[in-house]
Peer 1: 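Encoded as structure tokens, here's the structure I'll be asking about.
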Number of protein chains: 10
Amino acid sequence: MSLPEITQKLLAAKKQKGLSFADLEKILGRDEVWIAAVFYRQASASEEEAKLILETLELGPIYIQDLTAYPVKGLGPIVPTDPLIYRFYEIMQVYGMPIKDIIQEKFGDGIMSAIDFTLDIEKEEDPKGDRVKIIMSGKFLPYKKW
Amino acid sequence: MSLPEITQKLLAAKKQKGLSFADLEKILGRDEVWIAAVFYRQASASEEEAKLILETLELGPIYIQDLTAYPVKGLGPIVPTDPLIYRFYEIMQVYGMPIKDIIQEKFGDGIMSAIDFTLDIEKEEDPKGDRVKIIMSGKFLPYKKW
Amino acid sequence: MSLPEITQKLLAAKKQKGLSFADLEKILGRDEVWIAAVFYRQASASEEEAKLILETLELGPIYIQDLTAYPVKGLGPIVPTDPLIYRFYEIMQVYGMPIKDIIQEKFGDGIMSAIDFTLDIEKEEDPKGDRVKIIMSGKFLPYKKW
Amino acid sequence: MSLPEITQKLLAAKKQKGLSFADLEKILGRDEVWIAAVFYRQASASEEEAKLILETLELGPIYIQDLTAYPVKGLGPIVPTDPLIYRFYEIMQVYGMPIKDIIQEKFGDGIMSAIDFTLDIEKEEDPKGDRVKIIMSGKFLPYKKW
Amino acid sequence: MSLPEITQKLLAAKKQKGLSFADLEKILGRDEVWIAAVFYRQASASEEEAKLILETLELGPIYIQDLTAYPVKGLGPIVPTDPLIYRFYEIMQVYGMPIKDIIQEKFGDGIMSAIDFTLDIEKEEDPKGDRVKIIMSGKFLPYKKW
Amino acid sequence: MSLPEITQKLLAAKKQKGLSFADLEKILGRDEVWIAAVFYRQASASEEEAKLILETLELGPIYIQDLTAYPVKGLGPIVPTDPLIYRFYEIMQVYGMPIKDIIQEKFGDGIMSAIDFTLDIEKEEDPKGDRVKIIMSGKFLPYKKW
Amino acid sequence: MSLPEITQKLLAAKKQKGLSFADLEKILGRDEVWIAAVFYRQASASEEEAKLILETLELGPIYIQDLTAYPVKGLGPIVPTDPLIYRFYEIMQVYGMPIKDIIQEKFGDGIMSAIDFTLDIEKEEDPKGDRVKIIMSGKFLPYKKW
Amino acid sequence: MSLPEITQKLLAAKKQKGLSFADLEKILGRDEVWIAAVFYRQASASEEEAKLILETLELGPIYIQDLTAYPVKGLGPIVPTDPLIYRFYEIMQVYGMPIKDIIQEKFGDGIMSAIDFTLDIEKEEDPKGDRVKIIMSGKFLPYKKW
Amino acid sequence: MSLPEITQKLLAAKKQKGLSFADLEKILGRDEVWIAAVFYRQASASEEEAKLILETLELGPIYIQDLTAYPVKGLGPIVPTDPLIYRFYEIMQVYGMPIKDIIQEKFGDGIMSAIDFTLDIEKEEDPKGDRVKIIMSGKFLPYKKW
Amino acid sequence: MSLPEITQKLLAAKKQKGLSFADLEKILGRDEVWIAAVFYRQASASEEEAKLILETLELGPIYIQDLTAYPVKGLGPIVPTDPLIYRFYEIMQVYGMPIKDIIQEKFGDGIMSAIDFTLDIEKEEDPKGDRVKIIMSGKFLPYKKW
């Protein structure tokens, strides 16, 4: 997977400054996942957000344009090969129909928005092995009849 | 998508009895998502769990075997066409790399298990439109070195 | 493409009664496209709507359940082979990026909903050859930041 | 998605001059969607149109050739990953058969042309959330018998 | 490849009566290729045409409906495996770009219609080996600007 | 689609000299389609043919080798996205089985060669809209029994 | 892989009579590979050949039609999973370009016909392990220029 | 298809020296197909073989390493588009099952090795058109039971 | 995934008799993995082995033929969706190149046979969680030069 | 397959120093397969491990960052074409279901981890031909119920 040049620049600067996305969350007042999505050009920042990101990383303002543009989104490969990312594909394969039924039982015919949507990641400490907690929250969109 | 015969039987009986998966959660003491996964033959029940499901739905014990068998799992179509299920595919496409980075920043090189894993669905009431909340919790598995 | 049994029944009854979808639009007070989507099990009717459809077609009430269920949606084949349907695929291939740019210029980063969405089809008479007019209207959904 | 060099040049010049496609529509007397299609090398301009575009953007006439050439068209990836563009794919997946039936009921066996075709995008203001309106108009082409 | 039931009936009846498509061409006053397309449910007949076909083959009028319906078209498999059909795929692969250039040089930016289209097949006798002659004639459709 | 360097050179020189493939047909005594196939490296020229092409375009003899080499043939993408080229794919999808039946009825079990093959393109003027005429002629090859 | 009914009948009858394809070769005077191709509906027999096959297997003459019809050919799955058949796919993957170069060096630009083609299989006894010998012979077809 | 740099160097040097693979066969004492496989980096040479190849082509010994390395093998595209190479894919599609049956009838359950394997290409002169003869010889490998 | 009828019969009989594959290993003197491969029609039994399997499961001798036939092998779906089976696909994706290098460093250019091959599965008890041990042993096959 | 630059550097340095992965195993105290996985950027080293690798290969410490980063994993092509790697794909195709059944019979419903996982490769000398022995050991992960 070849990353866009701007993504490589941002990741390298972040690494050099020894900042984690969690650090950036505190500085920028935005969730770390959303910030990472801006880095990977899957989300667009406002001009102020772009400035703040670039200043934090000591990168020049010439990149503002790159961060505020509305990106063409998506990883690309139809079935992801990276094991971490694949597990989310597997969850959709295995639990897709159960999720569909439960959501529709609670809300009616419609979907969970992936646009009016947030995603948080937390670390749950556990003596039997720490756990990754993912919390997704998406607006329910009922199918319109016309 | 053609469902297994047992799935069709279970769904029909559940419909006829007017039970939701949330109702079954109360009766069975298991999460509604997991119960739906058993219905869709993506998870296997213990013998007691199978009995309880069948009794609740007034289906004969001959189906115990169907519910306790270890299923071949997965929806099938590589890219799902159903809009509700597709959104989870899209989330993986758009937020896959950000999720990977955040998890690995918090935990190191490894993955979130999709096996030692739970998934809950809640309804968040919201005046601007109710929201679907999905909470995933999977054990972090660090890559073993050898 | 094999159609669901209920779809075949509905189409056959409609044919026998000599009704067009435009006729059904007048009787049911719903747009013909939406009604056709119910026939093809891509949309779900309310119980009254289902009753009305079945009465109009003189089909028994036992099918109410089929029409009110929330269907697993989507045609299936990745690239459609039917020339009429393919043209919509081609429009997305050829005009996808221009549409993306224009929508985002007018609205910001986000998408047109395909759920809070209507689609109408009109016949434009034209001496040089009649034209098909398709009007889509979907709510704009801005990407949420968090 | 890597854009052709000429597309990148045109988009950069347009950005620098602070012009929207709607502005270009007024200057050029052509619809903004069609102009964007020329930018993305999905449509070919006449020599005068090319000149006017280049003068407006203060780009040299050496690019006339690029804009008047007849392009090899199409986005490429079979299933688009960008959420905005994917929704059009989804519309074809979900409403493809209903659209086919309605068009053929109104016109007979044939298709809507994607060549003798126009596409307009309008913003519908709506207190519940603005809406994207897409109007497609394509000549109906009946299947020839011979 | 599983053929529709009506196709099998028509082919069987034609075989039993010892008729070739060329014979049917004489009887029906339509080209043999178009008639074969009706047999394979890739084209739709008028009611008179359907009657004439069925009478010629001594099949009952109950099949009129099958022959006049507007079919969902297309073979299905993305790359055909049958060698005779594959050669047309190969011609498109090898001569696609040259054909595109020549047509556009003669006509401008546009396409050859596959709808307002006829296709004839002739046998050219040749001492070095008979030749198959395919003559396609499709209306040129110029890209509309708007 | 990225063209080979030699193709780009040939097309640029041809454009600069204002020559059409039809002009080259007159100069070279070979059909324009075949010449275009040489340009796109889908056919190989003899040394004299290569010389004549290069002299006509005032390109140096160093390219002889490029034009006389036996190319690896084929466009590449499984389903073409360019609308003009796609129509030939569609013709094979829709009329593939009818063509197969007619050819085999006239010739027996075998195929039309795509190697011992010619393809001509003519413009048919027509008041209702000019037509593209494609004439293919391929040697019939009967299946050998052994 | 589901075999056509006639193939299953032929294979079952052959098994019951204890005949190998090599035995059939002697009886029918045709190569065993070709006979197997008829069994699998990849080749068409003449009426006498069909009769002789059916008589040998003591199957009724009603199947003559099945064996003389011109089949739609090809296995289907794009990459074969059966290890024996896959090896031929692998040979094409690994030795495809070398074979292309050698054939073209010996014959010029063209192909080996897969239609005017025979294939024989012999057993080579070898103390280090018997060997499978495959001999293919296909007419060379030079690309026609026009 | 982009060839490795070393392949391009070898092919260019061979061309310049006017050598065919058949000439190299005589010089190197290895079959021309195997030598071509080394050129295309599908087979690995010993150090002496590499030296001899490079000396013959007057290329420096720095390339020894390239020729003795164990290559990652395979052409790449799932279905080859080059007509000459495709025919081998077609042979596998059409004659795959017959070949499987004949080999297994002669040898039992197992495969023909594509590793302990040789492939020769001969020109058969024939007044009706020369023929390409391909002789494959692969060790039979019976399935091991354990 | 639909299993062959014989597989279903064998699995049902085995279940009813309460036998594990490990039990069958003791009775039949063959490894449990190989026996399971026979059940799933991926391996062929000798006549005695087939008899013994059928007697053990109290199934009639009419199935001998099914178990001794040489099956068409392979699961089918290109990327497996079942999580257990997918992990083997993932291992090949992640460790494929390292495995290739290590094997070739130890053995030279060649492959590990998947035919002259055995596979054993053991349970390693471990206080931190039991482990699955898979031992594969395949004959090394060096590439033949010729 | 294009390798990352760091992989090429590591492999070249290792070759020049005449070291095998087995040598590196002795020096680094890590298994050769895991070390090769670090080389191919499929596993991440600790800082000390990275230093030791780079010192052994006499490469500068600037590459530490490359070796300690958490890579995006996976080979890429869905079905591998290299014969050695393909055999592992084939094993999963042929023995996937038997392996699934045996593991689940021994452990219950769950999977073998590919993360808490080791893989060793040994050479088994054998007069009939040396054998490749692969030993995989993965923690069993039972499906969690919730």
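Order of the sequence lines fixes the chain letters, A, B, ..., with proteins taken first and strands second; residue numbering starts at 1 for each chain.
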Peer 1: Hey, are the side chains of A:Asp101 and C:Tyr70 touching, using non-hydrogen atoms and a 4.5 Å cut-off?
Peer 2: no

Peer 1: Would you check if A:Thr118 and C:Lys144 make a side-chain contact, meaning some heavy-atom pair closer than 4.5 Å?
Peer 2: yes

Peer 1: Of all of A:Leu119, A:Asp31, A:Asp120, A:Ile115, which one pairs up most often with chain C through heavy atoms under 4.5 Å apart?
Peer 2: A:Ile115

Peer 1: Around A:Gln16, counting heavy atoms of other residues, nucleotides and ligands shown, do more than 12 lie under 6.0 Å from its CD?
Peer 2: no

Peer 1: Checking heavy atoms, do the side chain of C:Lys145, its backbone, both or neither come under 4.5 Å from chain A?
Peer 2: both

Peer 1: Salt-bridged, A:Asp116 to C:Lys139, with N to O below 4.0 Å?
Peer 2: no

Peer 1: Quick one: of A:Gly108, A:Ser113, A:Gly110, who has the most non-hydrogen atom pairs under 4.5 Å with chain C?
Peer 2: A:Gly108

Peer 1: Non-hydrogen contacts under 4.5 angstrom with chain A: give the residues of residues 45-65 of chain C involved, or none if there are none.
Peer 2: C:Ala45, C:Ser46, C:Glu49

Peer 1: Please look at C:Pro142 and chain A and tell me whether the side chain, the backbone, both or neither of the residue comes under 4.5 angstrom of a heavy atom of that chain.
Peer 2: backbone

Peer 1: Under 4.5 Å between any side-chain heavy atoms of A:Tyr143 and C:Gln42, yes or no?
Peer 2: no

Peer 1: Heavy-atom cut-off 4.5 Å, strictly under: side chain, backbone, both or neither for A:Ala37 against chain C?
Peer 2: neither

Peer 1: Should we say atom CD of C:Gln8 is surrounded by more than 12 heavy atoms from elsewhere, each under 6.0 Å from it?
Peer 2: yes

Peer 1: Using non-hydrogen atoms only, which part of C:Ala69 is less than 4.5 Å away from chain A: side chain, backbone, both, or neither?
Peer 2: neither

Peer 1: Go through A:Asp109 and C:Lys73 one step at a time and tell me if the side-chain contact (heavy atoms from CB on, under 4.5 Å) criterion holds.
Peer 2: CA-CA 11 Å; A:Asp109 200 0; C:Lys73 301 170 185 79; 2.9 Å; yes

